[in-house]
Amino acid sequence: MYKYIAYTFLITIAITLGGKVFSQPSKVIIDCDPGIDDALALCLAMESPKFEIIGITTIFGNTTLGQATKNALNIVELSQMDIPIYRGAAYPMHAPLKPPPTIVHGEDGLGNIHLAKPTLKPKGKPAAQFIVDMVNQYPGEITILAVGPLTNLAQAIKLQPGIAQKVKEVVIMGGAFTVPGNTSPVSEANIDSDPHAADIVCTTPWKMTFIPLDVTMKVKIDISLLAQIREKNEKFGTFIYDISQYYINFYQNIPGIEKGFYAHDPSAVMYMVDPTLFSVEKGPVRIATEGIAAGQTIMATKAHLYKSPWKGKPIASAALKVDSEKLLESFMSIMANNP
Ligand code: BDR
Ligand code: CA
């Protein structure tokens with residue numbers, strides 16, 4: 001009898017440990033416009049054992065498509081990981097291309113540290129086609145993390161609308177639901193850069209979660225955390241510290257944030273690491289595509305569910321609250337290589 005109990009106990013422990021140690025990392029495609037906080041998000045996702053990054057797709061936004069692609073190649077080179085990079089859209093679907101916000105991310109998109117030309121090269125396949133091919137190859141397995149304008153995702157849907165049901169989840173850093181925007185009183189930069197693409201993404205029937213300014217502006221990374229990352233993370237620490245100086249400089253005139261910055265894109269990675277850090281509201285989301293409110297993300301809650309143009313549209317989730325203390329704790333443990 002005792003022998004039997006001991007045996008069952010040992011088996012249970014083995015299964016539990018096995019589950020922890022050998023649980024499969026989930027497949028992720030990161031669509032980004034690096035960008036200082038995009039760079040930090042990429043390093044974070046690369047450091048987390050929870051993800052297998054099967055590809056990075058690039059997009060205009062914080063800088064030009066060419067520079068964003070070069071920056072992504074530089075980051076993959078630094079990581080010494082084998083991650084393919086695919087070039088995406090160089091301009092929005094219909095809206096005019098806005099000049100890159102060099103005041104926020106620098107002339108090179110990475111705080112003017114001017115990295116050398118990478119030896120790696122992007123793949124020849126366009127980003128949207130890569131997304132379609134991967135989703136078809138791994139139905140139900142792929143999460144797409146989009147932390148730039150949504151043009152590549154919209155193009156993928158236009159290429160093959162049927163992929164929507166095969167995507168595991170789309171996690172989007174974008175939008176401003178209950179707070180003012182950062183490019184206009186109502187619009188957030190990623191959505192505002194291509195509102196038509198964003199509206200296509202919102203009206204696609206896939207599981208999608210927004211990580212908007214409502215939560216990302218509650219997560220602040222300051223110089224002391226950056227100093228710890230520099231000290232503890234051999235691979236990325238100095239790079240992250242160096243690129244962040246320009247970003248900190250931009251943020252220094254924003255009240256409530258001293259010697260630090262808002263962790264927009266890293267917050268979306270942290271949602272994928274641990275969704276319980278956030279609480280979400282659900283409802284159909286539409287984007288204002290024209291006029292002075294262009295780029296506004298509008299979710300219909302109960303009273304307006306059946307009103308056009310939200311009627312019958314897919315239900316999205318938007319994170320509106322975050323436990324920022326716990327998030328930063330978990331973020332730091334990943335960046336200090338101690339998840
Ligand atoms: C978003 O816009 C860009 O500046 C950041 O990289 C982030 O993705 C925040 O509005
Ligand atoms: Ca970004």
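Atoms within each ligand, like the ligands themselves, are counted from 1 in listed order. Only heavy atoms go into these numbers, but all of them, side chains included; no hydrogens, no water, no symmetry mates. This structure is a prediction, so every number in the text was calculated from the model and none was measured.
- Judged by distance alone, the side chains of Thr209 and Glu169 do bring a donor and an acceptor atom under 3.5 Å apart.
- No side-chain donor from either of Gln137 and Asp133 sits under 3.5 Å from a side-chain acceptor of the other.
- Of the protein's non-hydrogen atoms, Asp37 OD1, 2.6 Å is the one closest to atom 6 (O) of ligand 1.
- Heavy-atom distances between Val104 and ligand 1 stay at or above 4.0 Å for every pair.
- Among protein heavy atoms, atom 1 (C) of ligand 1 sits closest to Glu188 OE2, 3.3 Å.
- By the 6.0 Å contact criterion, OH on Tyr91 is open, its count of non-hydrogen atoms from other residues, nucleotides or ligands being 12 or less.
- At least one N/O/S atom of Asp38, from backbone or side chain, sits under 3.0 Å from the Ca ion (ligand 2).
- Per-residue contacts place Ala189 under 4.0 angstrom from the following atoms of ligand 1 (heavy atoms of the residue considered): 2 (O), 10 (O).
- Contact annotation for Val147 and ligand 1: only backbone heavy atoms (N, CA, C, O) come within less than 4.0 Å of the ligand.
- Near His105, meaning under 4.0 Å from one of its heavy atoms, ligand 1 places the atoms 4 (O).
- With contacts defined as side-chain heavy-atom distances shorter than 4.5 Å, the pair Phe261/Leu40 qualifies.
- From the protein, the heavy atom lying nearest to atom 7 (C) of ligand 1 is Asp265 OD1, 3.2 Å.
- With salt bridges taken as basic N to acidic carboxylate O contacts below 4.0 Å, none links Asp108 and Lys70.
- By the 4.5 Å heavy-atom criterion applied to side chains, Met270 and Ile334 are counted as neighbours.
- Remark: aromatic rings of His105 and Tyr247 are close, center separation under 6.0 Å.
- Summary: OD1 is the N/O/S atom of Asp33 found nearest to the Ca ion (ligand 2).
- Lys168 and Glu141 are not joined by a salt bridge, as no carboxylate oxygen comes within less than 4.0 angstrom of a charged side-chain nitrogen.
- Distance from atom 3 (C) of ligand 1 to its nearest protein heavy atom, with residue and atom name: Asn62 OD1, 3.2 Å.
- Every atom of ligand 1 is numbered from 1 in the order shown, and the set under 4.0 Å from a heavy atom of Asp38 is 6 (O).
- Using a cut-off of 4.0 Å between Lys/Arg side-chain N and Asp/Glu carboxylate O, Lys326 and Asp274 are scored as not salt-bridged.
- Checked against the Ca ion (ligand 2), the N, O or S atom of Asp265 at the shortest distance is OD2.
- Looking at Asn182 next to ligand 1, an N or O pair under 3.5 Å apart turns up.
- For ligand 1, the atoms sitting less than 4.0 Å from at least one non-hydrogen atom of Met173 are 1 (C), 7 (C), 8 (O), 9 (C), numbered in the order shown with element in parentheses.
- With hydrogens and angles disregarded, no donor-acceptor distance shorter than 3.5 Å links the side chain of Asn152 to the backbone of Gln155.
- Among the backbone and side-chain atoms of Gly148, none of the N, O or S atoms lies under 3.0 Å from the Ca ion (ligand 2).
- For ligand 1, the polar-atom distance check finds no N/O of Tyr247 at less than 3.5 Å from any of the ligand's N/O atoms.
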